[in-house]
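Okay, so here's the structure we're looking at.
Computed from a prediction, not measured in an experiment: that's the story for all the values here. Here is the naming used below: chain letters follow the sequence lines, and residue numbers restart at 1 for every chain. Note: hydrogens, waters and symmetry copies are ignored here, and every other heavy atom, side chains too, is used.
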Amino acid sequence: MEKYNHLEIDKKWQKAWEEEGVNKTGEDQAKPKYYVLDMFPYPSGAGLHVGHPKGYIATDILARYKMMNGFNVLHPMGWDAFGLPAENYALKNKVHPKVQTEENIATYKKQLEKIGMSYDWSREINTTDPEYYKWTQWTFIKMWEKGLAFESFEPIIWCPKCQTGLAMEDLEDGKCERCESEIERKPMRQWVIKITDYADRLLADLDKLPGWEDSIKEMQRNWIGRSEGAEINFVIASEAKQSRGESNDIKVFTTRPDTLFGCTYVVIAPEKLVDLKLEIKNKAEVDEYIKKTKAKSDLERTDLNKDKTGVKLEGVMAINPANGEEVPVFIADYVLAGYGTGAVMAVPAHDERDFEFAKKYDLPIKNVIEPEFGEKRENEEFRNRIVAVVYNPKNNKVLTLNWGDKFGGYLNVGGGIEEGESPEQAARREILEETGYKNLKLVNQSEKVRHHFIAYNKGVNRGTEIIGLFFELIDELADAQSLSPEEEGKFELEWLLASEVKNKIIDPCHNYLVDKFINDVAFTGNGFNVNSDFLNGLSTAEAKVKIVEWLEKEGKGKKKVNYKLNDWVFSRQRYWGEPIPFVHCEKCGVVPVAEKDLPVRLPDVEHYEPSGTGESPLANITDWVNTTCPKCGGKAKRETNTMPQWAGSSWYYLRYIDSKNSESLVDKEKEKYWSPVDFYVGGAEHATRHLIYARFWHKFLFDIGVVNYEEPFTKLQHVGLIMAEDGRKMSKRWGNVINPDDIIAQYGADAMRVYEMFMGPFGQSCAWNTNGLVGARKFLDKINDYVDSWKVEYKEGEVHESKDTVIDKKNSLIEKTIKKVGEDIVEFKFNTAISQMMICWNYIRAEEKKNLPNGAEYSETLERIITKKQLGKLIQILAPFAPHLAEEIWRNKLGNKQSIFVSESPSGDHNKTVMSVWPEYDPELIKDDIVNLVVQINGKLRATIEVAADISEEDAKKLAQENDNIKKWLEGKEIIKIIFIPGKLLNIVVK
RNA sequence: GGUCCGGUGGCGGAACUGGUAUACGCGCAGCACUUAAAAUGCUGUGUUCGUGAGAGCAUGAGGGUUCGAUUCCCUCCCGGACCACCA
């Protein structure tokens with residue numbers, strides 16, 4: 001078998017496509033459009049490894065498929081080139097980041113071109129190009145005008161090594177994601193964007209994105225972290241007597257306002273105490289604690305295993321607005337300053353963290369919720385019951401009754417309270433009857449608990465009010481059980497280790513009681529209010545509504561929605577980023593640079609070292625810093641902070657639409673035609689940050705009328721990583737990096753493309769295997785070999801003539817392949833598309849081999865089993881995957897004049913030039929006329945018989961019963977049922 | 001701890017809406033070609049029993065629903081991703 005010369009044809013067609021403008025994006029707005037986008041890369045010095053292009057190959061396949069379907073396809077590429085690595089490299093090697101970046105881009109571009117990408121390079125963008133970042137700056141000024149961007153002096157996260165401020169989102173495990181340094185908090189002047197104003201829309205509009213994977217939407221929901229609750233004011237007691245000092249109220253946020261009557265203290269985050277002017281008697285102790293908190297790293301503070309600590313503010317009491325009770329106030333670092341109001345009302349009975357803290361500091365725990373388990377059913381019979389948890393302290397085991405899987409599984413001793421009995425008497429009686437144990441000590445007793453369940457042994461729906469009782473075994477003396485007939489033999493006694501009870505007992509109520517008695521936990525679920533004055537008897541949902549209404553009426557609180565999402569810290573104290581386009585005027589304060597003076601260009605500097613004072617290296621360039629105020633003309637200094645790397649990538653997809661526009665960010669007409677992006681592909685690591693920022697940025701541009709729709713990306717698909725052959729990530733560090741240049745030189749671009757798409761499901765990560773790559777290359781060689789063996793001269797248009805209308809296996813297989821490949825491309829199921837093509841080619845080659853006399857060679861006189869037209873179609877559907885080989889065959893071997901990717905005649909002369917339109921399949925031909933009917937006996941395969949596809953049940957039955965093997969299985973059996981699925985299966989059920 | 005996604009041969013993986021489990025590729029074995037090797041081609045390849053036809057068992061484990069379950073339901077185990085004191 002002759003191998004095709006990839007070195008020659010790869011280069012030849014890449015050049016031809018460039019020269020012929022095959023990759024140029026069409027602008028004829030009468031045609032339908034398709035915008036397919038890759039997340040643009042940060043061009044690092046290391047260049048691409050074979051994992052990087054996986055997503056790009058996939059979008060290229062989709063783009064070429066859409067081209068062949070007559071779409072104007074926008075499939076661009078660009079560079080996200082601002083950022084720390086280039087700057088750090090510049091620092092070390094004294095090279096201007098710009099020079100370094102340009103070099104890297106050239107490398108990347110060369111590498112991508114070798115893979116045969118259909119990018120329209122005339123639309124290439126670069127975030128570091130002043131003509132590009134002009135519009136990043138312009139948008140930022142617009143945000144400032146709308147009050148969304150502002151300066152803030154709040155403490156921000158500071159990386160001591162990178163010498164720059166970071167956003168919450170730039171942390172990994174509480175450390176700087178770039179250099180893994182422990183971060184600090186440093187109060188500093190910062191620019192902040194109020195992304196939280198858009199939190200609700202960012203959340204709600206996820207519903208407008210059915211084309212996004214659920215997992216990514218879920219991550220965004222999680223990140224935005226919306227929770228509904230109430231903000232409640234706790235007045236400081238001493239001040240309440242004088243006048244109600246509104247400003248000095250402790251405002252808390254809670255999602256459980258219904259538990260307000262159970263609040264026994266209030267906790268403030270240590271950092272938040274300064275905001276309140278309180279007279280604290282133990283100020284020294286409090287200051288000491290605050291100091292310690294600051295010294296702790298974030299990692300230490302968020303360590304879940306650590307004991308909760310805090311300090312009581314002596315002399316300060318807060319008033320619970322619901323009942324007027326005075327409760328103590330603490331500072332404790334388990335309360336986060338950055339979430340909600342930075343203060344909480346502690347309800348130890350119904351919150352685990354408060355419970356833990358209350359136990360440690362011996363604070364009162366007031367129960368206000370009667371737990372409810374199970375759902376209320378129709379026709380409930382109501383009873384008062386007990387559940388007895390019997391515990392043997394000698395071996396740490398709990399007594400259970402195992403009722404079997406059908407009747408509730410493992411349960412504790414339970415039963416009704418008879419007339420005149422106390423709960424304890426009832427419990428002791430039930431324990432004796434059901435288990436025989438008689439020497440028990442009552443240790444603990446629960447509050448009332450509601451429980452709905454099905455009493456299996458009586459067959460009724462029960463609604464109950466339960467008292468849980470906790471007994472310890474004094475000794476193991478026991479009488480015989482004395483069970484009623486209906487309980488006799490229904491269960492077995494089992495002693496379970498306390499640690500395994502949770503896994504065995506399914507019933508949530510019994511589980512809760514065991515957990516409560518043995519592990520001493522708080523009840524955090526829902527139920528009914530008790531000890532809560534006017535809330536008593538209401539369900540959790542009802543109580544939430546009622547208390548909020550009451551608080552609002554009394555002016556003591558309000559309904560409040562809170563988000564985990566933080567505002568976006570938008571300034572970095574570094575050089576290599578977009579200058580923030582503002583000046584600080586001695587007279588006018590903060591003033592934006594006039595639109596006509598944009599872009600504010602990054603000046604050249606000698607040194608890129610951060611000043612260390614928290615100012616960017618730009619601060620040292622006095623020529624640049626000193627300027628005049630755009631408003632009053634007076635003396636002013638330029639803002640020296642730069643934007644974060646996320647800025648440029650938040651809107652780049654819009655610029656491709658109109659990359660050279662100097663009048664506006666994007667032309668409105670063009671935007672309307674091309675937006676939104678139809679298909680967006682990139683790494684899952686951007687699920688929250690980039691994709692939240694971009695959605696926010698887009699919504700803002702929508703609000704100011706720049707774009708016409710609220711969401712930028714219709715469909716989002718994440719790409720699975722390609723790992724190295726050793727299963728680790730490809731990295732210089734492990735020495736396991738495979739360079740695509742080497743692969744392409746040895747096997748060709750098409751083999752690499754096919755292999756990467758064939759490896760497995762697109763979204764799944766998978767280890768590279770060079771043997772697998774060889775398989776892909778063999779597949780392509782076989783196709784090339786097959787075409788060559790025809791040895792026929794083709795004339796233009798000839799492959800498009802002959803007709804194929806016979807329904808047979810071969811035609812049906814070809815049509816099915818055309819159908820499946822087209823469908824799979826759109827769904828990004830490339831592995832099965834390639835598999836289907838392999839099946840098809842294997843079949844054709846094998847069938848033709850059968851017709852050859854032994855040892856004979858193909859010749860032009862030999863009758864082939866497929867038509868020329870079919871050969872053309874099979875090459876067309878291969879083309880998006882293996883564009884170079886397909887183009888070589890299409891033009892050089894099948895005699896076509898125009899590219900396989902051009903689906904229209906450029907001259908408009910449709911008669912002369914053959915166009916390459918994605919083939920349609922014939923639904924009639926797809927049908928099989930003969931099928932293998934599966935014959936089962938009792939669901940087990942016993943025979944397959946070849947029958948006409950439209951065979952009737954009667955005929956199928958008859959044929960099946962004639963089959964020897966089936967006869968054997970039917971012998972002496974009675975047929976009780978027959979299931980027939982036409983064209984598929986016949987299942988005979990026998991007895 | 002929470003949320004989400006997975007678990008199928010020696011390996012990557014396929015299987016529509018519940019209907020022939022292991023397609024396709026890799027690897028491995030045997031054969032052909034060759035002085036030999038590589039390349040290529042052909043044949044075989046879940047496992048157990050059987051000369052064979054065929055039969056039993058297999059989709060992380062256990063149970064359930066069904067004529068029939070990789071697919072649906074329940075419990076558990078393992079792996080991955082994200083979030084993590086979010087009140």
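Stacking of Lys54(A) on the aromatic ring of Phe762(A) is recorded, both the 6.0 Å distance cut-off and the 45° axial limit being met.
Within the 4.0 Å cut-off from OP1 or OP2 of A55(B), at least one side-chain nitrogen or oxygen of Asn965(A) is found. Between Lys984(A) and G19(B), a side-chain N or O to OP1/OP2 separation shorter than 4.0 Å is absent. OP1 or OP2 of A55(B) has at least one side-chain nitrogen or oxygen of Trp969(A) nearer than 4.0 Å. Residue Lys940(A) has a polar side-chain atom (N or O) positioned under 4.0 Å from OP1 or OP2 of C57(B). Applying the 4.0 Å criterion to OP1 and OP2 of C11(B), one finds that Asn771(A) has every side-chain N and O outside that range. For A87(B), the OP1/OP2 oxygens have a side-chain nitrogen or oxygen of Ser227(A) closer than 4.0 Å. Within the structure, every side-chain polar atom (N or O) of Tyr755(A) is placed at least 4.0 Å from both OP1 and OP2 of G25(B).
Contact annotation for Trp841(A): no contact, since no heavy-atom pair falls under 4.0 Å across all strands. When heavy atoms are screened at a 4.0 angstrom cut-off, Arg942(A) is found touching the sugar-phosphate backbone but no base atom. Counting any heavy atom pair closer than 4.0 Å across all strands shown, Gln764(A) reaches sugar-phosphate atoms only and no base atom. Within the nucleic acid shown, Gly225(A) has no heavy atom closer than 4.0 Å to any nucleic acid atom. Within the nucleic acid shown, Glu218(A) comes within 4.0 Å of sugar-phosphate atoms alone, with no base atom in reach, counting heavy atoms only. Here Asp964(A) lies out of heavy-atom contact (under 4.0 Å) with every strand. Among the atoms of the strands shown, none is found under 4.0 Å from any heavy atom of Asn562(A). Looking at heavy-atom distances under 4.0 Å, Asn842(A) makes contact with sugar-phosphate atoms alone, never a base.
Comparing A87(B), C26(B), G54(B) against the side chain of Lys968(A) picks out G54(B) as the nearest. Of the candidate nucleotides C67(B), U20(B), G54(B), U20(B) has the atom lying nearest to any side-chain atom of Asn932(A). Relative to the side chain of Met219(A), the nucleotides G41(B), C82(B), A15(B) differ in distance, and C82(B) lies closest. The side chain of Phe758(A) lies closest to C24(B), out of A87(B), C24(B), G41(B). With A87(B), A23(B), C83(B) as the choices, the nucleotide that has an atom nearest any side-chain atom of Ser835(A) turns out to be A23(B). Comparing C67(B), C26(B), A87(B) against the side chain of Tyr339(A) picks out A87(B) as the nearest. Here A15(B) is the nucleotide among A15(B), C67(B), A55(B) with the atom lying nearest to any side-chain atom of Thr832(A). Considering only side-chain atoms of Arg845(A), the nucleotide from C24(B), G41(B), A21(B) that sits closest is G41(B). The side chain of Asn987(A) sits closest to C67(B) out of C67(B), A21(B), C24(B).
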Requested in this report: Could you check Phe357(A) against Phe330(A) for ring pair (Phe, Tyr, Trp, His ring centres under 6.0 Å), going step by step and ending with a plain yes or no?
Outcome: CA-CA 11 Å; Phe357(A) 191 81; Phe330(A) 287 77; 5.3 Å; yes
Asp200(A)/Tyr563(A) under side chain to side chain donor-acceptor pair (under 3.5 Å): CA gap, chis, key distance, verdict
CA-CA 9 Å; Asp200(A) 247 339; Tyr563(A) 300 94; 2.9 Å; yes
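Around CD of Glu685(A), the count of heavy atoms belonging to other residues, nucleotides or ligands within 6.0 Å exceeds 12.
With both ends at atom C1', the span from A21(B) to A36(B) equals 43 Å, rounded to whole Å. Nucleotides U65(B) and U70(B), compared at atom P, are 16 Å apart to the nearest Å. Between the C1' atoms of C83(B) and C74(B), the separation comes to 27 Å (whole Å). Annotation: C33(B) and A23(B) have their P atoms spaced 30 Å apart (nearest Å). When the P atom is used for both U8(B) and G79(B), the distance is 14 Å, rounded to whole Å. Between G6(B) and U17(B), the distance separating the two P atoms is 14 Å to the nearest Å.
Shown are Val368(A), Val548(A), Thr540(A); of these, the side-chain contact (heavy atoms from CB on, under 4.5 Å) with Asp258(A) is made only by Thr540(A).
One finds a salt bridge joining Arg221(A) and Asp207(A) here, because a Lys/Arg side-chain nitrogen approaches an Asp/Glu carboxylate oxygen to under 4.0 Å. The pair Asp249(A)-Lys251(A) does not meet the salt-bridge criterion, since no charged nitrogen lies less than 4.0 angstrom from a carboxylate oxygen.
Consecutive Watson-Crick or G-U pairs involving RNA chain B, each under 3.5 Å on both distances, make up stems of three or more pairs at B:1-7 with B:77-83, B:10-12 with B:24-26, B:27-32 with B:40-45, B:46-49 with B:54-57, B:60-64 with B:72-76.
Remark: the backbone N or O of Ala358(A) is not paired with any side-chain donor or acceptor of Lys308(A) at under 3.5 angstrom. Using modelled atom types, one side-chain atom of Glu213(A) and one backbone atom of His718(A) make a donor-acceptor pair closer than 3.5 Å.
Residues Ala767(A) and Thr944(A) both approach RNA chain B. Their nearest nucleotides, taken by heavy-atom distance, put Ala767(A) toward the 5′ side. Nearest-nucleotide positions on RNA chain B for Ile839(A) and Ile981(A) put Ile981(A) closer to the 5' end.
G56(B): glycosidic angle beyond 90° from 0, hence anti.
Using the six-membered ring where Trp is involved, Phe830(A) and Phe828(A) have ring planes that are tilted, between 30° and 60° apart.
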